[in-house]
Amino acid sequence: QLTGDMLIYSRPSKWVEKFPMAAGSRQSPVNIETDRVESDHEALISKPLRWKYPATASRKLVNPGYCWRIDTDGEGTLLSGGPLMDDVYKLEQYHCHWGCSDSRGSEHTVDGQAFAGELHLVHWNTSKYKTFAEAAKAPDGLAVLGVFLKVGKAHEEMDKIARLLPYVSHKDDCIEINEPIDPSKLLPVRGGRAGSSNSAAQRCVNPCMRWAGRIIRPAENKGSQWQVDDNGYWTYLGSLTTPPCNESVTWILFKRYIEVSHHQLNIFRNLRKFPRGEECPCHENHGVVRDQQLPSATATRQS
Ligand code: BO1
Ligand code: ZN
């Protein structure tokens with residue numbers, strides 16, 4: 001009998017017993033087939049995606065036993081536009097998924113390829129709901145911004161987190177964050193890119209999966225100005241990737257990846273799954289691509 005957090009390490013087929021939603025029709029993660037996504041310029045470009053994350057919003061670093069997670073106070077944070085239209089979402093927390101080797105670790109895959117990790121920035125819709133818990137039950141309640149991690153050079157902002165992880169080495173460890181950690185510095189900058197196909201050549205097959213051509217981000221050193229970014233993101237309606245698997249997430253996955261070092265990933269892998277006394281490391285914590293029950297499903301099974 002699997003209980004509590006250990007359920008997270010089991011298979012989705014096991015989750016269903018306790019969380020019927022895990023058998024739903026918009027489960028995440030999915031494989032993104034880059035030549036079968038819909039180019040929805042009109043709808044998505046009319047409301048460019050934009051975000052604002054004051055570094056002071058990152059309050060606590062937590063080891064819940066299956067990842068590292070930074071809880072924010074949400075103050076001054078904002079995600080809006082793109083598939084979210086005019087609704088304003090606030091950042092609740094961000095956390096990371098990784099694998100036991102550098103060749104796996106992301107939850108979503110791109111044309112069947114996994115990345116070394118995947119960062120998730122979890123937001124909730126403050127325009128429509130009063131609390132995160134209430135939003136988590138609604139089909140348009142949550143928005144998760146996903147960033148693929150590739151092994152390369154060490155990431156400066158990620159290093160601030162990596163340096164703090166020894167203080168939360170065991171499950172249920174938690175520390176207050178005193179130095180500013182800026183989540184917007186964890187988002188991709190010019191250079192890397194998830195997927196190899198020419199985005200202009202993409203066509204519509206999966207009605208659930210869309211491609212957007214434009215993102216707007218705050219210009220560097222110019223707080224109030226927005227900058228256009230043509231590399232874009234993939235977006236689709238999905239779910240939390242772990243129990244309770246709520247089908248409440250608008251997923252927004254950046255096409256471009258960020259680089260982290262092998263050493264930084266090893267620091268993640270060294271986090272412990274259990275409270276002090278038991279020393280089982282969290283070598284991997286990524287979910288696998290889920291069966292999709294869409295009318296024209298493009299998601300593929302992964303064993
Ligand atoms: S993820 O971003 O899809 N990997 C994801 C998965 C689970 C959660 C957040 C993001 N969190 C869960 C909490 C539960 C809570 C639920 C929704 O969100 O761990 O405590 O019940 O309410
Ligand atoms: Zn996640």
Side-chain angles (χ1 to χ4, degrees), residues 3-12 15 18-22 24 26-32 60-72 74 77 79 84 89-99 104-109 114-126 128-149 158 161 171-172 174 183 186-187 233-254 257-258 260 265 268 271 273 282 284-290 292 299:
T3 55
D5 295 332
M6 288 317 290
L7 192 65
I8 285 175
Y9 292 111
S10 66
R11 302 192 63 78
W15 297 349
K18 272 197 157 180
F19 302 96
M21 262 197 270
R26 52 175 272 195
Q27 286 290 295
S28 296
V30 299
N31 175 42
I32 297 152
K60 281 183 193 170
L61 176 64
V62 189
N63 175 349
Y66 45 85
C67 65
W68 59 257
R69 189 183 77 219
I70 290 180
D71 291 338
T72 76
T77 67
L79 180 69
L84 311 176
Y89 289 64
K90 261 190 183 176
L91 182 64
E92 174 79 5
Q93 50 109 324
Y94 51 105
H95 63 269
C96 199
H97 300 266
W98 55 86
R104 55 193 285 186
S106 65
E107 300 210 295
H108 291 86
T109 54
F115 286 78
E118 193 172 323
L119 181 72
H120 288 160
L121 284 72
V122 183
H123 308 73
W124 62 282
N125 188 337
T126 59
K128 290 196 178 160
Y129 309 103
K130 287 196 198 71
T131 62
F132 176 83
E134 188 194 342
K137 292 181 217 148
D140 58 353
L142 305 181
V144 183
L145 214 50
V147 180
F148 292 113
L149 311 188
M158 200 65 98
I161 299 167
K171 182 176 183 317
D172 300 329
C174 172
L186 296 169
L187 304 184
Y233 54 85
W234 294 289
T235 179
Y236 75 100
L237 299 178
S239 74
L240 297 177
T241 61
T242 56
C245 303
N246 299 19
E247 297 191 319
S248 57
V249 180
T250 301
W251 277 96
I252 300 170
L253 296 154
F254 285 100
Y257 54 77
I258 61 166
V260 300
L265 284 169
F268 298 175
L271 283 175
K273 288 182 187 180
C282 187
E284 58 181 345
N285 63 359
H286 59 97
V288 294
V289 167
R290 307 292 302 279
Q292 293 288 290

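Atoms within each ligand, like the ligands themselves, are counted from 1 in listed order. Basis for what follows: all heavy atoms, side chains included, without hydrogens, waters or symmetry-related copies. Remember, predicted model here, so these are calculated numbers, not experimental data.
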Q: Without swapping roles, check the side chain of Asn285 against the backbone of Tyr66 for a donor-acceptor pair under 3.5 Å.
A: yes
### Message
Whether the side chain of Glu107 engages the backbone of Pro29 through a donor-acceptor N/O pair (distance < 3.5 Å, no angle test) should be reported.
### Response
no
* Asked: What orientation do His108 and His120 show, parallel under 30°, tilted 30 to 60°, or perpendicular over 60°?
  -> perpendicular
Subject >> Side-chain touch Ile161/Leu186, heavy atoms, less than 4.5 angstrom >> reply: yes
the protein heavy atom lying closest to atom 18 (O) of ligand 1 turns out to be Leu240 CD1, 3.6 Å
Exactly one of His97, Gln27, Glu118 clears side chain to side chain contact (heavy atoms under 4.5 Å, CB included) with Thr241, and that residue is His97
Under 4.0 Å from one or more heavy atoms of His120, ligand 1 contributes atoms 1 (S), 2 (O), 4 (N)
Heteroatom distance test (His97, ligand 1): nitrogen or oxygen, under 3.5 angstrom:
yes
Checking heavy atoms under 4.0 Å, the part of Pro244 that sits near ligand 1 is side chain
Could you tell me whether the side chain of Thr250 and the main chain of Leu237 form a donor-acceptor pair under 3.5 Å?
-> no
Counting heavy atoms under 4.0 Å, the part of Trp251 that contacts ligand 1 is side chain
Atoms of ligand 1 under 4.0 Å from any heavy atom of Gln93, numbered from 1 in the order shown, are 9 (C)
The atom name of the N, O or S atom in His120 nearest to the Zn ion (ligand 2) is ND1
Honestly, for His95 the part within reach of ligand 1 (heavy atoms, under 4.0 Å) is side chain
For Phe268 and Trp98 the tightest heavy-atom approach is O-CZ2, 3.2 Å
Atom 7 (C) of ligand 1 has as its nearest protein heavy atom Thr242 OG1, 3.3 Å
Handout entry: Sub-4.0 Å protein heavy atom near atom 13 (C) of ligand 1
Key = no
* Asked: Is atom 20 (O) of ligand 1 close to the protein, meaning a heavy atom under 4.0 Å from it?
  -> no
To the Zn ion (ligand 2), the closest N, O or S atom belonging to His97 is NE2
*Close side-chain approach of Leu121 and Leu79, heavy atoms under 4.5 Å*: no
Checking heavy-atom distances from atom 1 (S) of ligand 1 to each of Thr241, Leu121, Asn246, Leu145, the winner is Thr241
Per residue His95, nearest N, O or S atom to the Zn ion (ligand 2) is named NE2
| said: Is a donor from one side chain sitting under 3.5 angstrom from an acceptor on the other, for Tyr89 and Asp140? | reply: no
Report task. Give a yes or no on whether the backbone of Ala22 and the side-chain of Arg290 come within a donor-acceptor separation of less than 3.5 Å. Result -> yes
Among Cys96, Cys67, Ala136, the residue with a heavy atom nearest to atom 17 (C) of ligand 1 is Ala136
